[in-house]
Amino acid sequence: LVASSLAVFAALALDHGIIGLTKLSHYGLISLGGSDPNVSVELLVLAIPAGLVGGILGGFFVRAWALLERIRRLIAERSYSSRPWRVGARTAEAAFGVGITTLAFLAVAKTTGCVQIHEDDGEGRNHAWTTDSSFAVRFGCDDDEVNELASLWFAPRENVIKKILAGGAFSASSLFYCGCLAFATLLLVFGTALPGGLFLPLIYCGACLGGAAARSTKFENSKRFQAPAQRHLGVLGAVALLAGVQRTTVSLVVIVLEGTGNVHMLLPIVATTVVARFVGNLLSRGFYEVALHSKNIPFLEKHVPSNFDRKFVADVMKTPVVLTRLTTASKASEVLHSCSHGAFPVVSSDEGPEDPSKRPLAGLVLREHVAALLAHRRDGRDDYRDRALSSAGFDGPQTPPRRLASGPQPLDLGPVMVRSPYVVYADCPLSRAYRLFVTMGLRHLVVVSHEDNSVAGVVTRADLASCLQ
């Protein structure tokens with residue numbers, strides 16, 4: 001995307017002439033109705049520092065949030081064992097985060113932020129927001145005044161973003177304070193019991209900080225940068241913060257272009273995204289990668305690690321816990337209680353070695369499917385699916401272990417097991433097994449022996465993820 005955008009810009013610049021280059025809209029292949037054609041080239045210069053600041057803030061946010069998440073998990077594991085205590089602790093944590101930022105807001109909003117109600121101040125600044133009853137908030141100001149800080153804080157986030165990007169006449173101090181306060185609030189409460197997203201709050205924070213920079217004294221007094229900064233630096237601030245935290249590229253550029261409807265800002269948006277992502281990667285991993293790791297979710301990247309070519313499946317596989325196809329409810333229940341595995345290799349129940357792991361592989365059954373069969377046995381029912389549909393899965397209930405049947409009742413795992421699971425040999429390169437996990441979306445991979453197709457081990461996503469650390 002970056003290469004193609006720069007190539008088109010360079011080719012059309014050479015065609016139209018580089019001297020006198022003032023507007024990016026003169027050097028694009030397409031032009032959509034409703035967009036702003038007056039995007040100055042100076043905005044490309046502003047995209048670099050915007051991306052730099054966004055990457056630094058994004059890296060700080062990810063690292064600080066990961067630290068807070070580790071503290072939350074540590075407290076939850078060591079201090080609270082009952083559900084009422086856990087619910088109370090999460091509620092107190094959310095209330096603490098909101099309370100801190102609310103007190104910080106009240107300390108400033110009660111003493112500053114009052115502005116006169118008028119539509120234009122005679123200097124071309126748009127004060128129409130002060131007359132909008134659905135947006136402006138008095139919050140302790142006189143009858144002919146509204147509180148600028150309270151309006152930015154209490155109004156719906158999407159309305160505030162629109163007002164900032166439309167060039168509303170807000171002071172740089174109010175925008176900067178709201179941006180910092182919203183950033184701190186998001187950092188403290190995201191991941192707690194309070195419902196909330198990440199995308200829109202980051203846009204709000206970035207738009208406030210970008211708008212504050214655009215309305216600072218330096219840009220107000222600069223004839224060269226005043227126009228592009230006032231109109232578009234809020235957009236670049238939102239893009240920079242999103243790219244610095246989430247580390248998305250193409251999808252973020254498309255979403256912002258679609259949301260703003262201004263295709264002429266493609267190059268500044270691309271430049272900001274690339275710089276913010278690069279700087280953020282120097283400081284930390286992406287937010288979603290860190291969140292997956294903190295939740296112990298074994299996420300595998302699509303790119304195979306180079307050192308996996310020198311390892312084999314035998315280096316990471318674990319000793320399997322197997323079930324025979326024809327077993328009893330007591331044996332199956334005992335296996336479920338003895339381990340937390342998510343799936344079990346199923347071996348043939350025909351005559352063979354006494355050690356089940358030495359018998360030929362017959363299939364793979366998921367833990368929840370075994371639990372569902374045992375629950376049906378406990379209720380005296382035997383109405384599970386026909387064998388022809390067994391490879392597609394079994395829609396059984398998620399039954400807790402205390403409700404499972406146990407006893408000498410026979411249990412046939414054939415109808416619910418996957419009859420043709422993916423298998424590899426122990427001497428298979430680990431890189432090949434990694435590709436199989438990623439391309440096929442596997443959670444378990446059975447390792448079999450060359451001689452008799454018996455089960456030699458099992459590899460899971462967690463085993464591969466542990467090799468990446």
Side-chain angles (χ1 to χ4, degrees), residues 292 295-300 313-349 355-377 384-385 387-401 403-406 411-426 428 430 432-449 453-468:
L292 288 171
K295 299 296 183 182
N296 295 323
I297 299 175
F299 177 74
L300 302 179
V313 171
D315 298 331
V316 300
M317 70 180 186
K318 296 295 190 299
T319 303
V321 178
V322 299
L323 291 169
T324 57
R325 174 173 173 173
L326 297 178
T327 184
T328 62
S330 59
K331 290 183 178 179
S333 180
E334 181 182 354
V335 168
L336 293 187
H337 282 87
S338 64
C339 65
S340 59
H341 298 336
F344 304 94
V346 180
V347 297
S348 175
S349 57
D355 186 1
S357 62
K358 301 299 182 181
R359 298 179 184 181
L361 178 69
L364 183 72
V365 65
L366 297 180
R367 182 187 187 90
E368 56 263 29
H369 294 174
V370 179
L373 281 181
L374 291 174
H376 280 236
R377 283 295 186 186
Y384 42 78
R385 284 190 172 192
R387 296 187 179 190
L389 300 178
S390 63
S391 293
F394 178 76
D395 294 335
Q398 300 279 348
T399 309
R403 294 183 55 194
L404 302 182
S406 61
L411 195 69
D412 184 8
L413 301 178
V416 298
M417 72 180 184
V418 178
R419 297 175 180 271
S420 55
Y422 288 95
V423 298
V424 293
Y425 294 122
C428 173
L430 192 58
R432 184 178 300 176
Y434 187 96
R435 291 190 186 94
L436 193 59
F437 268 92
V438 173
T439 56
M440 304 306 299
L442 302 182
R443 291 185 293 171
H444 314 88
L445 187 60
V446 183
V447 184
V448 297
S449 64
N453 198 40
S454 61
V455 180
V458 175
V459 179
T460 65
R461 280 181 169 259
D463 297 331
L464 295 179
S466 63
C467 296
L468 298 176

When rounded to the nearest 0.5 angstrom, what distance separates [atom1] in [X] from [atom2] in [Y]?
{"X": "Tyr425", "Y": "Arg432", "atom1": "OH", "atom2": "CZ", "answer": "11.5 Å"}
{"X": "Glu334", "Y": "Thr328", "atom1": "CD", "atom2": "OG1", "answer": "9.0 Å"}
{"X": "His341", "Y": "His444", "atom1": "NE2", "atom2": "NE2", "answer": "9.0 Å"}
{"X": "Ser420", "Y": "Met417", "atom1": "OG", "atom2": "CE", "answer": "10.0 Å"}

Exercise for review: Decide yes or no on side chain to side chain contact (heavy atoms under 4.5 Å, CB included) for Arg367 and Leu336, but give the supporting numbers first.
Suggested key: CA-CA 7 Å; Arg367 182 187 187 90; Leu336 293 187; 3.8 Å; yes
Write down the atom of [X], the atom of [Y], and the distance for their closest heavy-atom approach.
{"X": "Ser348", "Y": "Ala362", "result": "N-CB, 4.0 Å"}
{"X": "Leu364", "Y": "Pro345", "result": "CD1-N, 3.7 Å"}
{"X": "Ala332", "Y": "Thr327", "result": "N-OG1, 4.4 Å"}
{"X": "Leu442", "Y": "Arg461", "result": "O-NE, 2.5 Å"}
{"X": "Val370", "Y": "Leu413", "result": "CG2-CD2, 4.4 Å"}
{"X": "Ala456", "Y": "Pro320", "result": "O-CD, 4.0 Å"}

Check your understanding: What residues form a ring-ring contact (aromatic ring centres under 6.0 Å, His included) with Tyr422, not counting sequence neighbours?
Key -> none
Point to revise | Residues forming a ring-ring contact (aromatic ring centres under 6.0 Å, His included) with Phe344, sequence neighbours excluded | key: none
Check your understanding: Hey, does the side chain of Ser333 reach the backbone of Ala329 with a donor-acceptor pair shorter than 3.5 angstrom?
Key -> no
Practice item. Would you sort out whether Leu411 and Leu326 count as a side chain to side chain contact (heavy atoms under 4.5 Å, CB included), showing the intermediate values? Key: CA-CA 6 Å; Leu411 195 69; Leu326 297 178; over 6 Å; no
Practice item. Please say which of Val447, Leu445, Val458, Leu430 ends up in a side-chain contact (heavy atoms from CB on, under 4.5 Å) with Met317. Key: Val447
Check your understanding: Taking only residues two or more places apart in sequence or in another chain, which ones pass salt bridge (Lys or Arg N to Asp or Glu O under 4.0 Å) with Lys358?
Key -> none
Study note, to complete from the structure: For residues 313-324, the side-chain hydrogen bond (donor to acceptor under 3.5 Å, both in side chains) pairs (sequence neighbours left out) are Lys318-Asp463
**Study point:** Close side-chain approach of Leu323 and Val347, heavy atoms under 4.5 Å
**Key:** no
Review point. Any side-chain heavy atom of Leu361 sitting closer than 4.5 Å to one from Val446?
Key: yes
Practice item. Dump the intermediate steps for side chain to side chain contact (heavy atoms under 4.5 Å, CB included) on Cys467 and Val316, then the final yes or no. Key: CA-CA 8 Å; Cys467 296; Val316 300; 3.3 Å; yes
